[in-house]
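Accompanying notes for the structure given below.
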Amino acid sequence: MSVTDEVTGEPAGEVTGEHLAGLARIRARAEAGPGEQATRAQHARGKLTPRERIALLLDPGSFQEVEQLRRHRASGFGLEHKRPYTDGVITGWGTVDGRTVFVYAHDFRIFGGSLGEAHAAKIHKIMDMALSAGAPLVSLNDGAGARIQEGVSALAGYGGIFRRDTRASGVIPQISVMLGPCAGGAAYSPALTDFVFMVRETAQMFITGPDVVSAVTGAQLTQNAVGGADVHATTSGVAHFVYEDEETCLAEVRYLLSLLPSNNRQNPPVHPSDDPPNRLTSTLYDLVPQDGNQPYDMHKVIEELVDDGDWLEVHERWARNIVCGLARLDGRVVGIVANQPQTLAGVLDIAASEKAGRFVTMCDACSIPIVTLLDVPGFLPGADQEHGGIIRHGAKLLYAYCNATVPRVSIVLRKAYGGAYIVLDSQSIGADLTFAWPTNEIAVMGAEGAAGVIFRRDMAAADDPDAKRAEMVKQYKSELMHPYYAAERGLVDDVIDPAETREILIRSLAMLRTKHADLPSRKHGNPPQ
């Protein structure tokens, strides 16, 4: 006896045209979202829909959605009468330049993109899939935080996200793209990821928004004044990249992914370059003045060294006295850390130490070799720095370098004074190779300061203290600060012609490609906080 379907009259278990038509109708409803009016409102805010964003991020036709038809099961406050498909978040995977990438995108049109139990479960699943598959995870954030109507269940959902962010850290690249207002718990997950992108004007991040700030302090502030893209790019350091529009932002996310490995068991992709590895960099003679007190733009030095002058600066607008970025040398990805003499003379301070320390740690986690370009007069002096914790913050950079096992090459362009020289990947803390230009000065401090300490009594007793000072400064320079002092003592591997810098870097990194280094057996270190 055969059993028939009560709706179609066809034998049960058989897929009919009506079944497929019903499926198509449901999928169309899920893909359309809450309707044209909501979509128009989203566009009126200057924002794209989540599917439009995913289409810009991933290769055409590569997106495979997961749990499209999931709906929440909550009741109360009218939720039982409003159960849209996707529950306000789209999850799945696709490819970027042919490599698998997982993605989830909040749909602000549905419950304001807020996170409820079903919404969180979808994100948890895609995060687990990304970790299992060993592929990058990109979150497109445009949500209003926890769904208040679902109470503590929503908060628990955030806890699951935070735990997965932490477990995936250093295993797969995690990129957060902020495309709308993200408050409370919605801001903490991006803070746990490797990179944060923001779109100016439309994206905000804050733990407590303007209304709370106003109630507590009386200050009347806008969302952008509290947690806008410019604030996080220049003041807090939360945002690594800021762009004017979503199209440019997502294109740059694709570019960043091209510089990162899929996971910690792989190396970054190699892109063959037409830029000759033995190209001379004679322009550096003119770019870098011999006078150690004369500023210059380190960006131009980096552009001269890397393939085709193309590189991606990280945290461009925060802690500008140090420069961090990703580039290629002979087609292979490298991380670059360099002092910027144009800002604060390139000194190290609290913000610069934090910025460079985290960048070094990221490079080490992603198997990206590190090139350090030194022109540093020391740490920034002052009570504000000392009281702000320059000791512990500077130690973060020191810890990051000492803990890194990737190939490390450093070059002293001009000066490298005091503790800042040691911290910025000197040979004594584990740099594999250290080079210096003939103009280098490696010393405890500048000649003026050193002479003032060593020959203080001699200068005080002299008939002409100024002339005596000049004489002592000259003596100190000739004895302890000549370009070959460190090389004679094996603290610099070689003094090189600046025009050969690119070639020497490429040859050195090629030799170090098979480097293997083991850290002591331990659960984990206890880095400075």
Discussion item. Tell me whether Arg164 contacts the main-chain N or O of Ile126 through its side chain, where contact means a donor paired with an acceptor under 3.5 Å.
Written reply: no
Worksheet entry | Of all pairs that satisfy ring-ring contact (aromatic ring centres under 6.0 Å, His included), the ones with a partner from residues 316-362, not counting sequence neighbours | His315-Trp318
Item to complete: Apply the test side chain to side chain contact (heavy atoms under 4.5 Å, CB included) to residues Val89 and Asp107: give CA-CA distance (whole Å), side-chain angles for both, the deciding distance (0.1 Å), then the verdict.
Response: CA-CA 5 Å; Val89 64; Asp107 192 340; over 6 Å; no
Worksheet item: Looking at Phe108, is Lys47 sitting on its ring face, NZ or CZ under 6.0 Å from the six-membered ring centre and within 45 degrees of the normal?
Response: yes
Fill in: Heavy-atom donor-acceptor pair, Thr434 side chain to Leu491 backbone, under 3.5 Å
yes
Worksheet item: For His299 and Gln340, what are the C-alpha separation, side-chain angles and deciding distance, and is it a side-chain hydrogen bond (donor to acceptor under 3.5 Å, both in side chains)?
Response: CA-CA 8 Å; His299 293 108; Gln340 174 56 292; 3.3 Å; yes
Response to the item:
To the nearest 0.5 Å, atom CD1 of Ile504 lies from atom CG of Leu433 at 10.5 Å
Practice prompt. Could you walk me through whether Phe195 and Val314 pass the side chain to side chain contact (heavy atoms under 4.5 Å, CB included) test, one step at a time?
Written response: CA-CA 9 Å; Phe195 298 97; Val314 178; 4.3 Å; yes
Worksheet item: If you look at every heavy atom in Ser367 and Val406, which pair is closest and at what distance?
Response: CA-CG1, 3.8 Å
Discussion item. Are there over 12 heavy-atom neighbours, none belonging to Ile391, within less than 6.0 Å of that residue's CD1?
Written reply: no
Practice prompt. Please lay out, stage by stage, how Leu48 and Glu247 fare under the test side chain to side chain contact (heavy atoms under 4.5 Å, CB included).
Written response: CA-CA 9 Å; Leu48 301 175; Glu247 291 84 356; 4.1 Å; yes
Item to complete: Would you mind telling me which of Ile506, Val371, Leu373 makes a side-chain contact (heavy atoms from CB on, under 4.5 Å) with Leu305?
Response: Leu373
Discussion item. Looking at Glu67 and Lys125, is there a salt bridge between them, counting it only when a charged N and a carboxylate O are closer than 4.0 Å?
Written reply: yes
Practice prompt. Please lay out, stage by stage, how Tyr484 and Asn440 fare under the test side-chain hydrogen bond (donor to acceptor under 3.5 Å, both in side chains).
Written response: CA-CA 8 Å; Tyr484 304 99; Asn440 83 83; over 6 Å; no
Discussion item. Please give me the minimum heavy-atom distance between Pro261 and Gln266, naming the atom from each residue.
Written reply: CB-O, 3.4 Å
Item to complete: Output yes when Asp97 and Arg99 qualify as a salt bridge under the 4.0 Å nitrogen-oxygen rule, no when they do not.
Response: no
Item to complete: Applying side-chain hydrogen bond (donor to acceptor under 3.5 Å, both in side chains), run through Asn321 and Asp349 and close with a yes or a no.
Response: CA-CA 8 Å; Asn321 43 319; Asp349 61 3; 3.2 Å; yes
Discussion item. Could you check whether any side-chain N or O of Asp59 sits under 3.5 Å from a backbone N or O of Ser62, counting only pairs where one atom can act as donor and the other as acceptor?
Written reply: no
Discussion item. Give me the atom names and distance for the closest heavy-atom approach of Val96 to Leu257.
Written reply: CG2-CD1, 4.0 Å
Worksheet item: So how far is it from Arg414 CZ to Asp291 CG, rounded to the nearest 0.5 Å?
Response: 7.0 Å
Worksheet item: Between Glu503 and Arg279, is there a salt bridge with N-O shorter than 4.0 Å?
Response: no
Response to the item:
Value for CG (Asp142) from NE2 (His106), rounded to nearest 0.5 Å, stands at 8.5 Å
Worksheet item: Do the charged groups of Asp245 and Arg200 touch, with an N to O distance under 4.0 Å?
Response: no
Worksheet item: Under the side chain to side chain contact (heavy atoms under 4.5 Å, CB included) criterion, do Val288 and Val301 qualify, and how do the steps go?
Response: CA-CA 8 Å; Val288 182; Val301 174; 3.8 Å; yes
Fill in: Minimum-distance pair of heavy atoms, taken over all atoms of Ile161 and Met127
O-CE, 3.6 Å
Worksheet item: How long is the gap from CG on Asp497 to CZ on Phe435, to the nearest 0.5 Å?
Response: 13.0 Å
Practice prompt. Give a yes or no on this: more than 12 heavy atoms of other residues, nucleotides or ligands lie within 6.0 Å of atom CD of Gln290.
Written response: no
Discussion item. Please report the interatomic distance CD(Gln204) to SG(Cys182), rounded to the nearest 0.5 Å.
Written reply: 8.5 Å
Practice prompt. Please check if the side chain of Asp165 supplies one atom and the backbone of Thr193 the other of a donor-acceptor pair under 3.5 Å.
Written response: no
Worksheet entry | Atom CZ of Arg167: over 12 foreign heavy atoms under 6.0 Å | no
Worksheet entry | Any side-chain donor near an acceptor of the partner, Asn141 and Ser139, under 3.5 Å | yes
Worksheet item: Sequence neighbours excluded, which residues qualify as side chain to side chain donor-acceptor pair (under 3.5 Å) partners of Tyr296?
Response: Asp375
Practice prompt. Begin with the C-alpha distance, continue with both residues' side-chain angles, and end with the deciding distance and a verdict on side-chain hydrogen bond (donor to acceptor under 3.5 Å, both in side chains) for Ser426 and Tyr401.
Written response: CA-CA 9 Å; Ser426 61; Tyr401 269 122; over 6 Å; no
Fill in: Evaluation steps, salt bridge (charged side-chain N to carboxylate O under 4.0 Å, His left out), between Arg328 and Asp275
CA-CA 10 Å; Arg328 284 191 170 87; Asp275 196 347; over 6 Å; no
Item to complete: Could you tell me whether Arg489 sits above the aromatic face of Tyr485, with NZ or CZ closer than 6.0 angstrom to the six-membered ring centre and within 45 degrees of the axis?
Response: yes
Discussion item. Less than 4.0 angstrom from a charged side-chain N to a carboxylate O is my criterion; do Glu65 and Arg51 meet it?
Written reply: yes
Discussion item. Take a 6.0 Å sphere around OH of Tyr188 and say whether it holds more than 12 heavy atoms from other residues, nucleotides or ligands.
Written reply: no
Fill in: With Arg163 via salt bridge (charged side-chain N to carboxylate O under 4.0 Å, His left out) - residues at least two apart
none
Worksheet item: Between the side chain of Arg45 and the main-chain N/O of Thr202, is any donor-acceptor distance below 3.5 Å?
Response: no
Worksheet item: Should we count CG of Asn526 as having more than 12 external heavy atoms under 6.0 Å?
Response: no
Item to complete: Answer yes or no: is there an ion pair linking Arg502 with Asp330, defined by an N-O contact shorter than 4.0 Å?
Response: no
Worksheet entry | Distance-minimising heavy-atom pair for Leu56 and Arg254 | O-CD, 3.6 Å
Worksheet item: Short question: side chain of Glu354, backbone of Ala351 - any donor-acceptor pair under 3.5 Å?
Response: no
Worksheet entry | salt bridge (charged side-chain N to carboxylate O under 4.0 Å, His left out), paired with Asp432, selected from Arg408, Lys515, Arg513 | Lys515
Worksheet item: Could you give the distance from CH2 (Trp437) to CG (Leu413), rounded to the nearest 0.5 Å?
Response: 4.0 Å
Worksheet item: Between the side chain of Lys355 and the main-chain N/O of Ala319, is any donor-acceptor distance below 3.5 Å?
Response: yes
Worksheet item: Does a donor on one side chain sit under 3.5 Å from an acceptor on the other, for Arg109 and Thr39?
Response: yes
Discussion item. Strictly distance-based, threshold 3.5 Å: is any side-chain N or O of Glu246 a donor or acceptor partner for the main-chain N or O of Arg53?
Written reply: no
Worksheet item: Do the side chain of Thr372 and the main chain of Ser410 share a donor and acceptor less than 3.5 angstrom apart?
Response: no
Worksheet item: Does Thr343 reach the main-chain N or O of Ile322 with its side chain, forming a donor-acceptor pair under 3.5 Å?
Response: no
Worksheet item: What are the two closest heavy atoms between Pro269 and Val333, and how far apart are they?
Response: O-CG2, 3.9 Å
